[in-house]
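Okay, structure first, notes after.
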Amino acid sequence: MVDITEKDFLLVVDMQNDFINGSLAVPGAASIIPVINTYLEKIQRRAFSKDMHPKNHSSFKAQGGQWPQHCVVGTQGSELHKSLDIDPKAVMVVRKGTEADRDAYSAFDGTGLDMVLPSMLSGVKRIFVCGLATDYCVKATVLDAIKLGIKVYVLKDAIKAVNVKPGDGDKAIKEMEDAGAIFITLADVK
Ligand code: ZN
């Protein structure tokens, strides 16, 4: 069991419309929203990362990149999903991938979160991570947090993978575990 305290911190990765039911929908993404809402009840300190791209972002197919256009600044697709139990205007948001010529999968990549977060983790240097997608932004975020010396609990029932190639999600979980991440579910927290 993991005892959640008021010092604990939840990092919710990219729960944006485009990844849930938009242009780059992750299979099963909507099903983790109620689970994330339960974690949000338990963990009061939290931040939400958002993929936030200019229209001509280098990751888009039109620019020779891998992905359909998604999470463009100012669009509905870039907004956090409305079924999350939060006030989207009152939460800490971490924006990534904001430069046209550079992609960023990790919530720590070019966002300044690496400077801010460690000092916010008073006492226990650990975070809980959930969101989308297991094999891209969740993985990159988790691996970066571990590099910063933070102990990372990944909420296995609150992540979903893109699985461009079958098995990508499981491979990503193995990589995170090998790096030291601990995978838990709702049944493990109190
Ligand atoms: Zn993106």
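Order of appearance sets the numbers: ligands from 1, and atoms from 1 within every ligand.
Although no hydrogens or angles enter the test, the distance criterion places no donor-acceptor pair under 3.5 Å between the side chain of T111 and the main chain of K96.
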Before you tell me yes or no, could you show the steps for K171 and D135 under salt bridge (Lys or Arg N to Asp or Glu O under 4.0 Å), namely the whole-Å CA-CA distance, both residues' side-chain angles and the distance that decides it to 0.1 Å?
CA-CA 8 Å; K171 225 172 88 188; D135 35 359; over 6 Å; no

Assess the residue pair K50 and D14 against the criterion (salt bridge (Lys or Arg N to Asp or Glu O under 4.0 Å)); give the C-alpha distance rounded to whole Å, side-chain angles, the decisive distance to 0.1 Å, and a yes or no.
CA-CA 5 Å; K50 285 173 86 171; D14 296 12; over 6 Å; no

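None of the N, O or S atoms belonging to C71 lies under 2.8 Å away from the Zn ion (ligand 1). The Zn ion (ligand 1) has an N, O or S atom of H53 under 2.8 Å away, backbone or side chain.
Ring-plane geometry between F19 and H70 is classed as tilted, the angle between the planes lying from 30 to 60 degrees on a 0 to 90 degree scale.
Atom OD2 is the N/O/S atom of D51 found closest to the Zn ion (ligand 1).
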